[in-house]
Amino acid sequence: MSRPSVGDGPDRSVATDREPTGVPSARAPQDGRAVDPTAHPAWLPPEAFRALGARRVLVHGAGLLVDTVVDEVGRACAAHGGRARRTALADDPVDDGVDVILALRDAGPLPAPAARAEAAPPPGGDDAPLGDEGFLLTRAEGVTVLLADAPAGLLYGLFHLIRLGEAAFAADAPTRRHRPALRRRMLDHWDNVAVHPVMGQVERGYAGGSIFWRDGSARRDLARVRAYARLLASCGINAISVNNVNVGAVEARLLTDRLDDVAWIADVLRPYGVRVHLSVSFAAPVLLGGLPTADPRDATVRAWWAGATAQVYARIPDFGGYVVKADSEGQPGPFAYGRDHAEGANLLAGALAPHGGVVHWRAFVYDHRQDWRDRSTDRARAAHDHFAPLDGRFRDNVVLQVKHGPMDFQVREPVSPVIAAMPGTRLAVEFQVTQEYTGQQRHVCYLGPLWSEVLGFRPWGPSGPAVADLTAGGGLVAVSNVGDDPFWTGHPLAQANLYAFGRLAWDPQADPLAVLDEWITMTFPPATTGDPELVRATLHAVMDDSWRTYERYTAPLGVGWMVRPGVHYGPDVDGYEYSPWGTYHFADRDGVGVDRTRATGTGFTGQYPSPWSEVYESPERCPDELLLFFHHVPYGHLLHTGTTVVQHIYDTHFAGAEQARRMRRRWRRLAGVIDPAVHERVAQRLDEQVRCAEEWRDQINTYFFRKSGVPDARGRRIH
């Protein structure tokens, strides 16, 4: 099977702009507002709309998403003194006396400036179609013109104008075409309908409860969910899964007798082009259908999935598809019947195919009952061992969802070799926006630079394709960091991670620091702060390097983990060292690290193509930041910096804790300059970050001093 291209075939799981037959043409029931007055506006405060709202704006076109554009423009103009008008039909009169035109190209005669923009030669010879989500932007003769081929393109173009602010209207500008690089840009919510006795309402959630569910029922909090849809659309996200991949008994019923709850969410999200997906249990035919088996080869099982899926599409015609975690961490799967993952995934794909849906089948499969004494079994190898032999056997509407690293969202790990090993399979890379292992939204940790590194990684070297290229047909998926906290993400600065995920999914080549600057400008508009330059400089100083700061004071050189079991927060160097989870560092009196080489270790380096298989195999060539992931080395091993491993551990942990203190000092300068509620919440979180960073510093340094007996060359206090 060849890799599907970005534009292959119909796929209604994507937020396309041609509304499928049967989808309600009217808005979901609403209160007329797209904002939730109880929640922080995040990067869409009213002031962010001033540049557009102060002008004369014409919206030209019809459709549900165009209705949303009209609503957004109308409220912006009402707030900021502009004027909003709409023409929707081919014979509507068009008045050219406007400053801004947002138009569908097939909605009848265009206003003269828009017609001239459409007739202009394509920039740089780019005459490819804009597609369902793309748009064209130009400014000439004092008029800013945005054209799209479909309603979603108009919606995304509107939010692009908001990002640009006055720059969109300042001077004539050449035509530019904007299209998403990845067709599906999706968030997975690990939300439980019923409160889990260990994980609570949201598994790995650090921002309060679910915005969809509360204590076993749908919340029906329309304003909150609609405001969330608006935030998602504004950064380019077009799909979400609304329940946990670890599907419990109550959550399993969302597929059948509780389907109306899913349909309600779909109705609220639809006006912003966000499609709903559902996590389902592989054992659903047994749990819900009363069948004696869920065997993929059983005809009654296939018929049950076909019938259940048809009922879903009868209720939600633009339903995206299923998300499945199978044969992983206790979840049921095809292994119980002697079948493999291709057979399991293809079973659900067959049920979804007639309706244009997809199944996201997660590749997070490993032995979580490993004997810690067994040093030949390597959790990092597991996904490749399970899935690479199946390449070419998955149906076209199966998306294999692969975590970006081979372990589990650590602050530093190599890119998963599965991404390069399956050219005949549609792949999606999975990130984790919720900060499970990166400070749990109690620590500032801007993840844009991490994701940018992953998306730009080239498995076959500098002349080969990047990870973003390899996932064009499947897209990018991330675990959401949103809850019902007033600030959405608990830590106000963690909103930047949600924003950055959407923007990098739209354009993987975007500079993550430029994306952060967009977020700063929109979240803290200069007119709303006491000292705009101080605000911008402070936020960049605090956030630009925060991922590496977190890395410095936590687990060193790619070894990972060293966290408290279960909660995954705070230091516990040996917490997982003798556990069944396969997460070891093997520190002893002589050295530290996991030997994953072909020559003497688990052979994991051989899962990578050349040149990386050779680079990772050699302790001399391996990048310092991944050394302990691939090698067990003596404490005196010299890094490329000329520093020994143990001295690097001491130095980085002292430096990371000091950087956390510096972040807190910088933030204090914004007291009285920004919204007091935001300042206070961040200040509280920074106090905790400083405390925790110092605990990490002291525990890690003391542990390795006691293991190695090597003193700090700088004579600093180690306990």
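Sequence positions, counted from 1, serve as the residue numbers for this chain.
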For Leu187, the option from Ile240, Val482, Val477, Val274 that meets side chain to side chain contact (heavy atoms under 4.5 Å, CB included): Ile240
Criterion side chain to side chain contact (heavy atoms under 4.5 Å, CB included) against Leu455, the qualifying member of Leu470, Leu450, Leu476: Leu476
Flag if over 12 foreign heavy atoms under 6.0 Å of CZ, Arg219: yes
Ring-face cation of Arg503 near Trp519 (centre distance under 6.0 Å, axis angle within 45°): no
Results of side chain to side chain contact (heavy atoms under 4.5 Å, CB included) for Val195 - residues two or more places apart only: Gln201, Asp215
Any donor-acceptor pair under 3.5 Å from Arg302 side chain to Ala351 backbone: no
His443-Tyr206 aromatic ring centre distance below 6.0 Å: no
Pair Ser234-Tyr272, side-chain donor/acceptor within less than 3.5 Å: no
Close side-chain approach of Arg681 and Asp485, heavy atoms under 4.5 Å: yes
Cation-pi geometry met for Arg185 and Tyr156 (6.0 Å, 45°): yes
Residue pair Asn246 / Glu203, side-chain donor-acceptor N/O under 3.5 Å: yes
Residues Thr293 and Asp295: side-chain donor-acceptor under 3.5 angstrom: no
Under 3.5 Å: donor-acceptor pair, side chain of Asn481, backbone of Ala494: yes
Salt bridge (charged side-chain N to carboxylate O under 4.0 Å, His left out) contacts in which one or both residues fall within residues 246-256, not counting sequence neighbours: Arg253-Asp257
Check: His40/Gln495 side-chain N/O donor and acceptor closer than 3.5 Å: yes
Parallel, tilted or perpendicular: rings of Phe409 and His404 (30°, 60°): tilted
Donor on one side chain, acceptor on other, Gln401 and Glu430, under 3.5 Å: yes
Test log, rule side-chain contact (heavy atoms from CB on, under 4.5 Å), inputs Val323 and Asp188: CA-CA 9 Å; Val323 179; Asp188 282 356; 4.1 Å; yes
Pairs satisfying salt bridge (charged side-chain N to carboxylate O under 4.0 Å, His left out), at least one member in residues 436-445, at least two apart: Arg204-Glu436
Partners passing side chain to side chain contact (heavy atoms under 4.5 Å, CB included) against Ala249 (at least two apart in sequence or in another chain): none
Results of ring pair (Phe, Tyr, Trp, His ring centres under 6.0 Å) for His80 - residues two or more places apart only: none
Pair His189 and Phe212, ring centroids less than 6.0 Å apart: yes
Test log, rule ring pair (Phe, Tyr, Trp, His ring centres under 6.0 Å), inputs His341 and Phe387: CA-CA 8 Å; His341 284 281; Phe387 287 94; 4.7 Å; yes
Ring pair (Phe, Tyr, Trp, His ring centres under 6.0 Å) partners for Phe364, two or more places apart: Tyr366
Aromatic plane relationship, Phe135 with His178 - under 30° parallel, 30 to 60° tilted, over 60° perpendicular: parallel
